[in-house]
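When a ligand or atom number is given, it counts from 1 through the structure's own listing order. Start at 1 with the first residue, then count along the sequence.
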Amino acid sequence: MAAIGKDIQRAVALLRAGELVGIPTETVYGLAANALDTQAVAKIFSVKDRPSFDPLIIHVPDAASMQQWVMAVPEKARLLAEKFWPGPLTLLLPRKSTIPDLVTSGLDTVGIRCPDHPLTHELLQAVTFPLAAPSANPFGYISPTSAAHVQTQLGQKIPYILDGGECRVGIESTIIGFEANRALVHRLGGLSLERLEAAIGAVEVRLIASANPVAPGQLHSHYAPRKKLILGDLDRLLREYGTSAAVLAFKTKREFVDESRQRVLAPTGSVLEAAQNLFAMLRELDQSDAPIILAEWVPEIDVGRAINDRLRRAGAH
Ligand code: TXA
Ligand code: MG
C-alpha cells in the first residue's frame with residue numbers, strides 16, 4: 001500500500017525521481033507526476049488505465065509561472081486567472097513545445113490550473129516543473145475526495161499520498177477554452193457559470209459527449225459507480241424499484257429507506273454542501289448491498305449544474 005502523510009519533502013523527492021504521488025486539491029485528489037518527464041507521465045496513464053487520447057492538465061503554483069508553458073494568454077484568460085486562481089478553474093491555452101506531446105495527447109493546447117490547497121501549493125513551489133495530474137481514480141470511476149479514496153483504488157500502484165484532508169469543493173475544476181474572442185466551457189465544475197459570467201460576460205457551454213471528445217471527462221459515461229444508477233423523481237423510482245435500492249437524496253431523507261443505504265447530499269439545501277459530499281456518498285452507496293442506486297436531480301444553479309452533469313454521466317451505462 002502507499003504511505004500516507006504530510007511530508008512535502010518526501011513528495012518532492014519522489015516526484016524528482018520520476019515517481020507518482022497522490023496530491024490533495026480543493027476539487028478532488030490528483031495523481032501527480034513531473035509533467036516534463038515523459039516516463040513519469042506514462043506511468044499516470046498505466047496506473048489509471050487511461051487511454052492515451054485523453055490529455056492531462058498541468059498544475060502550476062501561480063498565474064505568473066503559466067507564461068513558461070503557454071504561447072499566449074488571451075485577455076479573458078488573463079482576467080479569469082487573476083480573479084479565480086488559485087481555484088477550481090482550468091484554462092485551455094496554446095502550449096509551448098516545452099510541454100511533452102504525451103501530456104496533451106498531441107493537442108496544441110494544454111489545460112493549466114493553479115489549485116487552491118496549502119499543501120499542494122507548497123509542493124508546487126518546491127519543484128521546478130509543473131505537475132501533470134488527472135483525478136486519482138481508475139479511468140471512468142468516481143473521483144476521489146480523500147486520501148483514503150486514493151489509497152483504496154490506487155494504493156497498490158503508487159508509493160505516496162499527500163494527505164490534505166477532505167476536498168473543500170468536491171467536484172472537478174471547470175474547464176474553459178478560447179476561440180477567437182469567445183470563451184467556451186467544456187466541462188462544468190467547481191467554478192460556477194454565474195461567477196464566470198460575472199467576470200467576463202456571456203460564455204458558451206459546449207460540453208462534448210462523443211467517442212473522441214475535446215474533454216474525455218465529457219464521455220457520455222464517466223464518473224460512474226459500478227452499480228447501475230437511475231435518476232429521476234425519487235419517490236416514483238422507489239415505488240418502481242422498491243426500498244431495497246440505495247438512495248441518494250438531495251436534502252430530504254426518505255424515512256422508509258434503511259440508513260445503511262441512504263445518503264442525503266445537503267440537509268441544508270446548499271448545492272455547495274452537495275458538491276462536497278457527492279463523490280464520497282456515491283462511493284459509499286456503491287459499496288452497499290443494494291442492487292441499484294436511485295438518485296434525484298439537484299437545483300440547476302451554481303455548482304448544482306456540475307453536480308447534475310456528473311449524475312447524468314454516472315447514470316449513463
Ligand atoms: O479539478 C481538476 O481538474 C482535477 C484536479 C486533480 O486538478 N483534475 C482533473 O483531471 O479532473 P482529469 O484528467 O480527471 O480531467 C481533466 C479533463 C479530462 O477530461 C481531459 O480530457 C480534459 O480535462 N483536458 C485536458 N487537457 C485538455 C486539452 N488540451 N483539451 C481539451 N480537454 C483537455
Ligand atoms: Mg477525472
How long is the gap from [atom1] on [X] to [atom2] on [Y], to the nearest 0.5 Å?
X: I112; Y: W85; atom1: CD1; atom2: CH2; answer: 5.0 Å
X: L80; Y: L91; atom1: CG; atom2: CG; answer: 6.5 Å
X: F84; Y: L196; atom1: CZ; atom2: CG; answer: 6.0 Å
X: L20; Y: L31; atom1: CG; atom2: CG; answer: 5.0 Å
X: D302; Y: L191; atom1: CG; atom2: CG; answer: 10.0 Å
X: F178; Y: L184; atom1: CZ; atom2: CG; answer: 8.5 Å

Between [X] and ligand 1, does any nitrogen or oxygen pair lie at a separation below 3.5 Å?
X: E172; value: no
X: K48; value: no
X: T25; value: no

Counting only heavy atoms, which portion of [X] has something under 4.0 Å from ligand 1: side chain, backbone, both, or neither?
X: H186; value: neither
X: R50; value: side chain
X: L92; value: side chain

**Request:** With atom 18 (C) of ligand 1 as the reference point, say which of L107, I99, D54 has the nearest heavy atom.
**Result:** D54
**Item:** Shortest heavy-atom approach to atom 24 (N) of ligand 1 - which of P51, P55, G22, P134
**Value:**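 It is P55 whose heavy atom sits nearest to atom 24 (N) of ligand 1.
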Which atoms of ligand 1 sit under 4.0 Å from any heavy atom of [X]?
X: T27; answer: 1 (O), 2 (C), 4 (C), 5 (C)
X: S173; answer: 1 (O), 2 (C), 3 (O)
X: G30; answer: 6 (C)
X: T109; answer: 28 (C), 29 (N), 30 (N)
X: I175; answer: 17 (C), 22 (C), 23 (O)

**Prompt:** In terms of heavy-atom contacts, does CE of M71 have more than 12 from other residues, nucleotides or ligands at under 6.0 Å?
**Reply:** no
**Message:** Within the structure, is a non-hydrogen atom of R95 found at a distance of less than 4.0 Å from ligand 1?
**Reply:** no
**Contact with ligand 1 for T104, non-hydrogen, under 4.0 angstrom** = no
**Item:** Same apolar cluster: V247 and Y241, side chain cutoff 4.5 Å
**Value:** yes
**Asked** Will you find, in the side chains of T25 and T120, an N or O donor that is under 3.5 Å from an N or O acceptor?
**Response** no
**Request:** List the steps and the verdict of side-chain hydrogen bond (donor to acceptor under 3.5 Å, both in side chains) for T268 and E273.
**Result:** CA-CA 8 Å; T268 63; E273 185 186 7; 2.5 Å; yes
**Request:** Measure from the Mg ion (ligand 2) to each N, O or S atom of S135 and report whether any distance is below 2.8 Å.
**Result:**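 Coordinating: yes.
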